[in-house]
S.K.: 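One structure, as structure tokens, below. Some questions next.
All values derive from a computational prediction rather than experimental measurement.
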Amino acid sequence: MAPPTYMGLSGRPLSMAVSSVATTGFLLFGYDQGVMSGIITAPAFNNVFEATRDNSTMQGTVTAIYEIGCLMGAMFILAVGDLLGRRKAMILGGIIMMAGVIIQVTPQLGSTPLAQFIVGRVVMGVGNGINTSTIPTYQAECSKTSNRGLLICIEGSTIAFGTLIAYWIDYGASYGSPDLVWRFPIAFQLIFALLISIPMFFLPESPRWLLSHERTAEADKVIAALRGYEIEGPETLLERKLIVESLHASGGYGQKSTPVKALFTGGKTQHFRRMLLGSSSQLMQQIGGCNAVIYYFPILFEKSIGESHSMSLLLGGINMIVYSIFATVSWFAIERVGRRRLFLYGTVGQMLSMVIVFACLIPGDKMTARGAAVGLFTYIAFFGATWLPLPWLYPAELSPIKTRAKANAVSTCTNWLFNFLVVMVTPIMISNISWGTYVFFAAVNALFIPIIYFFYPETARRSLEEIDIIFAKGYVEKISYVKAAEDLPHLQPEEIETYAIRYGLIDSTTQTAAGRRLRDQEEKGSSEQIANSSNDALDKERLGVPGRSHHE
């Protein structure tokens, strides 16, 4: 029997279609991050929106108000994301973004153009907040363990390509008519929004979300279609069983919507710790200075280095080429190098880059200030290769299935809240403390290093169910979660159940026949049989198989 299909696709082609839509969502995110940088100080824009002319506070407000909309969208998913589902949320997000674009490009002189533009920015942000809260979760729940990190890294790094497109469209439009200068770059976003919403009418829902709502038949069809299995094949049934056991372990099976209070629980599932780890990565991404460079690169060159507006736009476009090139580094490094080391390498690189920037700006002469451009270019290279995609990947895979949607929404709320703060205050900081802005960003990057080293466990090449076991192991054995991740061997699907029982995530009475066979082999000391059945040796210590743990 052939696998089921969606849009006439199954297996790898269907997975690629899912990834393409998810990637387009982040391409649009990146585009909107960069589009205002070349518009906000353009004379044609300032002629329509007079309050933005030579007013750093108003420039910051108009640019940053978008993040308030994004925060509202993320909070919407926090409230109803579990009920709405991943697919419907992405369709809704795309439609709202289209409405926001139309509101932004239609202001006319003689009315209240700035108020209308700000409303459009907020509406656009709501749609983007919905999408950025949902897409990484959708991608993580539809991907295989072997390529989950790569796919979400590609998705996250396309933010850079979106920003690159925005910078060059801004630069090209700057030579056109006054309306073309700012209306066309904003209107161009409609293409991306359509490419998100329309395909999602035909693509499948997340199988994990379907199973959390006890829609087993639909989930089997989606699993079989995504993996290229038969609906009633053993591979489909095994994957479904592992997901259901993970839901039972976290208390999320049959629960239509996870209560917010579940995010603040500890015990073997460590929901609260995992939410904090994911959210902290988004916080550190923002206060590390990325948007001070991405949003305001042309302004930095105009105000801090003294270049003309046209030359600043051109250099900004070149910087985005560097950004995009280095964004692809994570594609090749994410599974080989791992999440922890990429976080650490990126943080050190960003810190040293900001040191170069402020050191070159301190003397105050134009020739020395040009050296700061080197620091801005190296900063964006390190950021693109590491911190750009990682905070979108890490929260999506770190949280258990019960709280994944809400925890990811919280981490996205954190992103947009601090994104707003940084985008709002950066022009004011540059105007008032000049090179001190970059001293601040260098210092906060230095603070990230011990936090990452001591608290961030490695999740590379782990299934979502294995990550549950890492936190249960750390809790039960009272060791750091970083060490728990290092000590836990990489598990085959048949082994996951045995370890889940060992650490009290599931009861031994629910163990499958495959799990019992593996346990019996271990108890008999037959290491060769274990290797043949699992292709990976379990711990050398003898496995005990208790019932539920009494540690809570």
Side-chain angles (χ1 to χ4, degrees), residues 6 11-12 14-23 25-26 77-78 81-91 93 130-156 199-200 203-216 218-229 235-236 238-250 252-253 255-258 271 274-275 278 392-412 459 462-468 493 496:
Y6 289 85
R12 182 177 175 82
L14 178 59
S15 295
M16 291 297 293
V18 167
S19 298
S20 297
V21 174
T23 298
F26 273 75
I77 292 299
L78 179 63
D82 284 325
L83 293 171
L84 194 60
R86 321 310 187 215
R87 183 172 152 271
K88 290 179 181 177
M90 291 169 65
I91 293 170
I130 290 171
N131 282 344
T132 53
S133 296
T134 306
I135 289 173
T137 301
Y138 179 65
Q139 180 75 87
E141 293 183 344
C142 290
S143 303
K144 291 182 178 179
T145 300
S146 58
N147 63 6
R148 183 185 66 244
L150 172 62
L151 290 175
I152 299 181
C153 266
I154 291 174
E155 172 190 297
M200 285 310 301
L203 288 172
E205 180 56 86
S206 155
R208 286 173 168 84
W209 182 84
L210 290 170
L211 285 171
S212 71
H213 287 66
E214 301 181 89
R215 292 160 63 173
T216 305
E218 293 173 73
D220 284 351
K221 181 182 177 183
V222 173
I223 291 169
L226 287 170
R227 306 290 181 255
Y229 301 152
E235 301 95 339
T236 301
L238 176 60
E239 184 164 341
R240 184 236 291 168
K241 186 166 187 63
L242 289 172
I243 295 170
V244 169
E245 287 178 348
S246 177
L247 282 165
H248 278 298
S250 63
Y253 187 71
Q255 197 166 26
K256 305 303 181 186
S257 180
T258 301
H271 291 158
R274 293 157 82 168
M275 180 188 70
W392 299 104
L393 165 63
Y394 204 59
E397 65 181 6
L398 201 66
S399 296
I401 191 167
K402 177 182 179 180
T403 61
R404 186 171 296 131
K406 280 189 163 51
N408 209 47
V410 169
S411 70
T412 308
T459 56
R462 297 287 191 182
S463 71
L464 298 176
E465 289 71 34
E466 280 180 276
I467 295 169
D468 292 341
I496 290 172

S.K.: Can you name the closest pair of heavy atoms from P207 and V222 and give their distance?
M.R.: CD-CG1, 3.8 Å
S.K.: Could you walk me through whether S19 and Q139 pass side-chain contact (heavy atoms from CB on, under 4.5 Å), step by step?
M.R.: CA-CA 7 Å; S19 298; Q139 180 75 87; 3.3 Å; yes
S.K.: Would you indicate whether the side-chain heavy atoms of C142 and L151 approach each other to under 4.5 Å?
M.R.: no
S.K.: Could you tell me which residues satisfy salt bridge (charged side-chain N to carboxylate O under 4.0 Å, His left out) with R87, sequence neighbours excluded, listed by chain and number?
M.R.: none
S.K.: What residues form a side-chain hydrogen bond (donor to acceptor under 3.5 Å, both in side chains) with T236, not counting sequence neighbours?
M.R.: none
S.K.: In chain order, what residues pass the ring pair (Phe, Tyr, Trp, His ring centres under 6.0 Å) check against Y138, with sequence neighbours excluded?
M.R.: none
S.K.: If I compare all heavy atoms of A89 with all of N131, which pair ends up nearest, and what's the gap?
M.R.: O-OD1, 4.0 Å
S.K.: On a heavy-atom basis, which atom in W392 and which in T132 lie closest, and how many Å separate them?
M.R.: CZ3-O, 3.7 Å
S.K.: Applying side-chain contact (heavy atoms from CB on, under 4.5 Å) to L464 and R404, what does each step give before you reach the verdict?
M.R.: CA-CA 11 Å; L464 298 176; R404 186 171 296 131; 3.7 Å; yes
S.K.: Within this structure, what is the CG-CG distance for the pair L242 and L211, rounded to the nearest 0.5 Å?
M.R.: 11.0 Å
S.K.: Please name the pair of heavy atoms, one in N408 and one in S133, separated by the smallest distance, quoted to 0.1 Å.
M.R.: ND2-O, 3.2 Å
S.K.: What's the spacing between M16 CE and T23 OG1 if we round to 0.5 Å?
M.R.: 8.0 Å
S.K.: As an exercise, state the distance from CG of L14 to CG of L226, rounded to the nearest 0.5 Å.
M.R.: 5.0 Å
S.K.: Taking all atoms of both residues into account, what is the closest heavy-atom pair of R274 and S399, and its distance?
M.R.: NH2-C, 3.8 Å
S.K.: Would you give the length of the straight line joining atom OG1 of T137 to atom CE of M90, rounded to the nearest 0.5 angstrom?
M.R.: 10.5 Å
S.K.: Is the closest basic N to carboxylate O distance between K241 and E465 below 4.0 Å?
M.R.: no
S.K.: Mind checking what makes side-chain contact (heavy atoms from CB on, under 4.5 Å) contact with E218, not counting sequence neighbours?
M.R.: L210, R215
S.K.: Nearest 0.5 angstrom please: L84 CG to W209 CH2, how far?
M.R.: 8.0 Å
S.K.: Testing the basics here: between V21 and P199, what is the closest heavy-atom pair and its distance to 0.1 Å?
M.R.: CG2-CB, 3.7 Å
S.K.: If I take atom CZ from residue R240 and atom CG from residue D220, how far apart are they, to the nearest 0.5 angstrom?
M.R.: 4.0 Å
S.K.: So, the side chain of R208 versus the backbone of E141: is there a donor-acceptor pair under 3.5 Å, distance only?
M.R.: yes
S.K.: Is there side-chain contact between I243 and I223, with at least one heavy-atom pair below 4.5 Å?
M.R.: yes
S.K.: Please list, chain by chain and in numerical order, all residues satisfying side-chain hydrogen bond (donor to acceptor under 3.5 Å, both in side chains) with E239, sequence neighbours excluded.
M.R.: R227
S.K.: With a 4.5 Å cut-off on side-chain heavy atoms, are F26 and P136 touching?
M.R.: yes
S.K.: I'd like to check the salt bridge (charged side-chain N to carboxylate O under 4.0 Å, His left out) partners of E155; sequence neighbours left out, ordered by chain and number.
M.R.: none
S.K.: Look at D82 together with K402 and state whether they make a salt bridge at an N to O cut-off of under 4.0 Å.
M.R.: no
S.K.: Can you tell if the side chain of I496 reaches within under 4.5 Å of the side chain of S463, non-hydrogen atoms only?
M.R.: yes
S.K.: Examine distances only and state if a side-chain atom of T134 and a backbone atom of R86 form a donor-acceptor pair shorter than 3.5 Å.
M.R.: no
